[in-house]
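All chains are named by letter (A, B, ...) in the order of the sequence lines, taking the proteins before the strands, and each is independently numbered beginning at 1. Just so it is clear, the structure is predicted and the values come from calculations on it, not from any experiment.
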Amino acid sequence: MNIPENLLYTDEHEWISVDGDTGRIGITDYAQHHLGDIVFVELPEVGESFAMRDAVGVIESVKAVVSLYTPASGTILEVNEELEDSPELLNEAPYDSWIAAIKLGDKNDLNKLMNAEAYAAFCQNLED
Amino acid sequence: MFLRQTPLYDMHLKYNGKMIDFGGWDLPVQFEGMGIIKEHNMVRESAGLFDVSHMGEVFITGEKAEDFLQSLVTNDIKVMKDLQILYSPMCYPDGGVVDDLLIYRYNNQKYLLVINAGNTDKDFAWIKQNLIDGVSAVNVSSEYAQLAIQGPRAQEILQKISDTDLDSIKFFWFNPSVKVSGIDCIISRTGYTGEDGFEVYVKSDDAAFLWEEILQAGGDLVAPIGLGARDTLRFEAKLPLYGQEIDQDITPLEAGLGFFVKLNKDEDFIGKSALIKQKETGLNRKLVEFEMLDKGIPRSHYDVQKEGKVIGHVTTGMHSPTFKKPLGLALISIEYSEPGTEIDIIIRDKPIKAVVGTGLFYKKQTKTK
């Protein structure tokens with residue numbers, strides 16, 4: 001299970017990378033592995049604002065439909081439209097395939113997320 | 001909850017199956033390193049091995065076995081020859097479907113019924129309830145394992161380890177005494193994938209050995225396939241699934257299975273008068289194929305609307321691995337069932353445009369000649 005050090009994680013298996021006031025969000029290796037073949041991504045609209053943990057999109061694999069929850073509050077700056085035609089990128093490279101970029105609303109949200117070490121322990125616990 | 005295990009449970013663990021609760025059975029939805037799409041393509045392009053031991057098997061025997069089955073199911077039992085197989089719905093008096101099944105005729109006093117796993121107890125009770133003098137029904141489901149090997153390379157793989165020329169088993173026929181790697185098997189040329197292939201019935205104790213023998217004979221040409229791909233494969237071939245395309249509230253006529261309902265057979269059968277009436281008064285709803293015009297994946301039980309009014313529901317919908325786009329089957333009001341009719345699929349409370357079609361599904365590669 002790949003869990004990069006430089007990201008923050010949610011208990012719903014999303015990641016966020018932070019650069020100044022901008023966050024990029026995606027799903028983890030654990031998430032893509034458990035979903036199986038991803039065949040559809042519904043992206044949020046640019047300009048939409050969300051509270052922390054709001055559903056901002058939908059990811060569908062062959063068998064499952066799950067919501068994507070934003071790890072932090074903010075406003076959507078950009079979405080990765082490449083995923084509309086190639087949703088399988090989320091399986092192939094989950095940490096290179098960001099789903100949306102968000103202008104962070106409240107950076108305190110980030111303090112509520114897990115670092116790589118805590119997330120690794122969280123996943124391990126789920127597998128046991 | 002306690003889950004039932006098939007005789008191949010240890011094999012699923014050995015091959016890293018991702019195990020799920022499938023109607024009370026602990027079965028693999030997919031295998032590590034493969035996944036549903038790869039497994040699906042493997043069956044379409046080469047061959048796949050399935051554990052379908054959860055299916056139920058019931059022997060019907062006795063002097064009046066043929067008469068009994070003729071009254072129990074909608075298809076015509078009397079046209080069957082020894083060692084032939086017939087597909088048939090089995091109905092309630094109101095025409096709703098108890099189950100769909102395969103009927104294997106040994107002779108006119110001995111038949112094997114193969115029924116859906118989730119319906120085994122219900123079906124067996126129904127059979128017992130309708131049983132007539134001179135016929136006995138024995139549920140042997142727990143004694144038999146069932147393996148399916150499916151795909152264009154299935155025959156060459158199974159042939160390597162079989163003592164019988166498999167060309168002698170035609171589509172929807174069986175041979176009850178084939179030895180595969182020395183094991184006694186019942187083999188039929190049947191399946192649930194739209195590909196050529198075989199279903200192999202074997203005593204439970206021999207199942208794991210046979211599984212390994214088939215995988216070894218096939219080498220890179222075959223792989224274990226989970227329930228996920230079983231569903232995508234059967235769906236693309238438009239093969240009905242009980243609980244979705246057919247159930248107690250859907251008649252075989254509505255589900256497009258009229259070919260398997262012989263309303264003109266001489267004998268009475270359960271559901272006959274209701275189905276004749278339905279045919280005479282005309283269907284109110286019908287199973288149709290559709291594809292999406294706007295983006296979205298239809299799923300089972302999603303509502304179908306026309307101009308804001310519910311006209312039916314999706315029975316099965318999914319992303320088709322072969323066609324690489326979403327496809328669906330829906331049971332909708334007859335007035336909207338013409339190909340070319342635009343309909344809305346309600347996905348997460350939003351109407352998404354779709355269109356009724358025909359010929360959208362996979363052309364079966366079964367060897368019907």
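For B:K324, no part sits under 4.5 Å from any heavy atom of chain A, backbone or side chain. Only the side chain of A:E42 comes within contact range of chain B, judged by heavy atoms closer than 4.5 Å.
Between A:Y9 and A:Y119, the ring planes are parallel. Angles under 30° get that label, and only those over 60° would be called perpendicular.
Relative to the six-membered ring of B:Y362, B:R44 meets both conditions, a distance below 6.0 Å and an angle of at most 45° to the axis.
In this model, no donor atom of one side chain and acceptor atom of the other lie less than 3.5 Å apart for A:D37 and A:N91. No donor-acceptor contact under 3.5 angstrom links the side chains of B:Q30 and B:E39, judged on distance only.
For the options B:K38, B:R348, B:E32, heavy-atom pairs under 4.5 Å to chain A are most numerous at B:R348.
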